[in-house]
Structures are given as C-alpha cells and as structure tokens.
There are 2 protein chains.
Amino acid sequence: MSRPVTDGQATDSEPDSRPDTALSPYCRARDVLDRVGDKWSVYVITLLGDGTKRFSELKRDIHVITQRMLTVTLRGLERDGLINRTVYPVYPARVEYSLTPLGASLLDTLRALLTWSVDHVDRIDEARQHYDDAVGTDR
Amino acid sequence: MSRPVTDGQATDSEPDSRPDTALSPYCRARDVLDRVGDKWSVYVITLLGDGTKRFSELKRDIHVITQRMLTVTLRGLERDGLINRTVYPVYPARVEYSLTPLGASLLDTLRALLTWSVDHVDRIDEARQHYDDAVGTDR
DNA sequence: CAGAATCCGCGCGGATACTG
DNA sequence: CAGTATCCGCGCGGATTCTG
C-alpha cells in the first residue's frame, strides 16, 4: 500500500529547508491546538484566569453551555494538567476549579489569540461575504 | 479582579441578555478559533509565513495531507481573507498562495501558540498518562 | 498540476433524563 | 450542587475517482 510515513530526517544530506523535520513537531502540537479548537476550552481558561471558580459559577458565566459540555471541557483540561479540580466533601457538593501553573503559562498566549480574533472578526466576516458574493456571480 | 458578572435579573423580561456582555464577543471569536482548530490551517499559515508557495509545494511540504484537505483548507483561508490565491493561465496549471496583510498579522500570535504547544506537549502527555492511570485505580 | 465530486466513518457537541 | 448516562444529528476529515 502506501509507503510508511517516515518523516524523520533519515539521511539528512540536505543542509536545510527540509520541511519534514518541521512536520513532526506540528503533529504532536495538534494535541494542544485541538484544545483551542474545542468550543469552550478557551473561554473556560480565560475565565479561570481571573481566579478560582466553582462549577456553578462557570455554568452561570457561560450559561449557554450545557452541564454536560462544561463537565466534558473541565475533564479535558484537568486531564491535560491545565486546571486543578478541588472537591469539598460537603452537601450539597462543592467543586472549585483553578488554573495550574501550566495552564496559567498558556493564558497570555491564549489572550493574545483571543484579542486578535475579536479585533479582526469583523474584517473576516467582511471577507467571507465578499468571497461568497463572488462565488455566486463570478463562478 | 473579580467583576460581578452576575448582576442579577434586575430588569426582567429578557430571557438571556445580562451575562452576554462577555460571552458574545467570544461566540463571534469562535469563528477565528475554529480555523485554529482546523487540522491543517495553522501549519499552512506558518508555511506561507516563509513566503509565496505553489499548491504542489505545500502538498510536498506537508505530504501527509490529502489533496482534498489541502484544497479545502486553502479555500477556507482564502474565504477568510487570510491568504491570496493567484492563478497563472498556463498549462499545466500553476497556482500560488501567499499571506494577505491580515493573515500576516496573525502570524506572530500563531507562532507563539505553536511554540507554546511544542514546548509543553511533553508535559501535557505526562499529565494525561498520570490522569489516565489515576482513573484506573482511584476511581 | 491543481483541483472538483462523491462516499463514508467517526467524533464533537447538543438535548434530555437521572443521581449522590 | 455537580455531576453521570444515553441518544443522536451533523460536520470534519480521510480515501478514492475523475477533469481542464
């Protein structure tokens, strides 16, 4: 069938500009980028950037999210070591979430991306409409 | 500081209006974050950050991508106004792609995110294994 | 060379109902 | 309050085939 995807440098007689060497790290980095691609992860992280919050606080702040998706999102972030989950053995249950140092180290970059997105979303929408109009007439 | 997002339902009759002040921009920004969530968009943008490239060059550089996904990815980026598509009326066809100023303005932020991802993917993998192990025993 | 078109599996995410 | 469990539609992305 198809030959094995050996993206290692193998015999690197090439001095530079071997794109394969740049692809492998990217494939691994996709695991992190997929978190950004999650619908709610970025928002949860930025909210926790303001400080520790309870489950119900996060739920109220986002409020359009379902309980299930909030749980799933928090589990994913906890699994990745980006947030802490603290359960208080009381009734009713009380669970608090906060950023780990790892999660906090992502905060600045995430905010930068979010800022860029908010700043340019109008231009992007404009570009999309322009593109979609051209599709109808030109093509 | 902790701002009072929950200012109560002083003015009623609006089903969902109060806490949206912080959520609405995020919902719109999701359009941009979804691009980052795309499997190949980030890599294509960073590649074009080095300069104009032909379709076949991008295909060769990524080489694990299918022709279809490269086309789909490039269409999406073009539609968002992030890249230019230049067709040369020759045979065989020759098409070149390059970043628009808008796309170039995203480059730094994207590189920062990519750098963070590459730098911390090992720690994240470690956290995942630790989490998965705890699931088997603890819970 | 640079695509368009078609088919399809799988996983994300929403809706809903139930529980310690 | 903070989940868990189940069902399900839809879209992403891969494989394949055909074309200007």
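All heavy atoms count here, side chains included; hydrogens, waters and symmetry mates do not.
- Between A:Y91 atom OH and D:dC1 atom P the separation is 11 Å, expressed in whole Å.
- Here the straight-line distance linking atom NZ of A:K39 with atom CG of B:L33 works out to 12.0 Å at 0.5 Å rounding.
- Mapping B:P92 and A:T66 onto DNA chain C by nearest heavy atom places B:P92 at the nucleotide closer to the 5' end.
- Between the CD1 atom of B:I83 and the CG atom of B:L74 there is a distance of 4.5 Å, given to the nearest 0.5 Å.
- Taking atom CD1 of residue A:I65 and atom C1' of nucleotide C:dT16, one finds them 16 Å apart after rounding to whole Å.
- Nucleic acid contact class of A:T71 (heavy atoms, under 4.0 Å, all strands): base.
- B:F55 and B:V64 fall within the same hydrophobic cluster, where Ile, Leu, Val, Met, Phe, Trp and Tyr residues are linked whenever their side-chain heavy atoms come under 4.5 Å apart, directly or through other members.
- Contact annotation: B:R54 reaches the phosphate of C:dA2 (side-chain N/O to OP1 or OP2, under 4.0 Å).
- Look at CD on A:Q67: it is 11 Å from C1' on D:dT4, rounded to the nearest Å.
- At a non-hydrogen distance threshold of 4.0 Å, A:D38, A:K39, A:W40 from residues 33-42 of chain A come into contact with DNA chain C.
- Partner of A:R79 under the salt bridge (charged side-chain N to carboxylate O under 4.0 Å, His left out) criterion, chosen from B:D132, B:D125, B:D133: B:D132.
- Residue A:Y97 is tested with A:R54, A:E78, A:R85 for a side chain to side chain donor-acceptor pair (under 3.5 Å); the sole match is A:R85.
- Taking atom NE2 of residue A:H63 and atom C1' of nucleotide C:dG14, one finds them 15 Å apart after rounding to whole Å.
- Note: CG (B:L70) to P (D:dC12) measures 17 Å, nearest angstrom.
- When the side-chain nitrogen and oxygen atoms of A:R85 are compared with OP1 and OP2 of D:dG3, one or more of them lie within a distance under 4.0 Å.
- Per the geometry, CZ belonging to A:R30 stands 15 Å off C1' belonging to C:dG11, to the nearest Å.
- Contact check, A:R75 against D:dT4: a side-chain N or O comes under 4.0 Å of OP1 or OP2.
- One donor-acceptor pair, N or O on each side, does fall under 3.5 Å between the base of C:dT6 and the side chain of B:R68.
- Ion pairing of B:E57 with B:K59 is absent here, as no side-chain N (NZ or NE/NH1/NH2) approaches a carboxylate O to less than 4.0 Å.
- Between B:Y97 atom OH and C:dC1 atom P the separation is 14 Å, expressed in whole Å.
- Surrounding CZ of B:R123 are at most 12 heavy atoms belonging to other residues, nucleotides or ligands under 6.0 Å away.
- Take the nearest nucleotide of DNA chain D for B:V72 and for A:R94: the residue whose nucleotide is more 5' is A:R94.
- What separates CE of B:M69 from P of C:dC7 is a distance of 19 Å, to the nearest Å.
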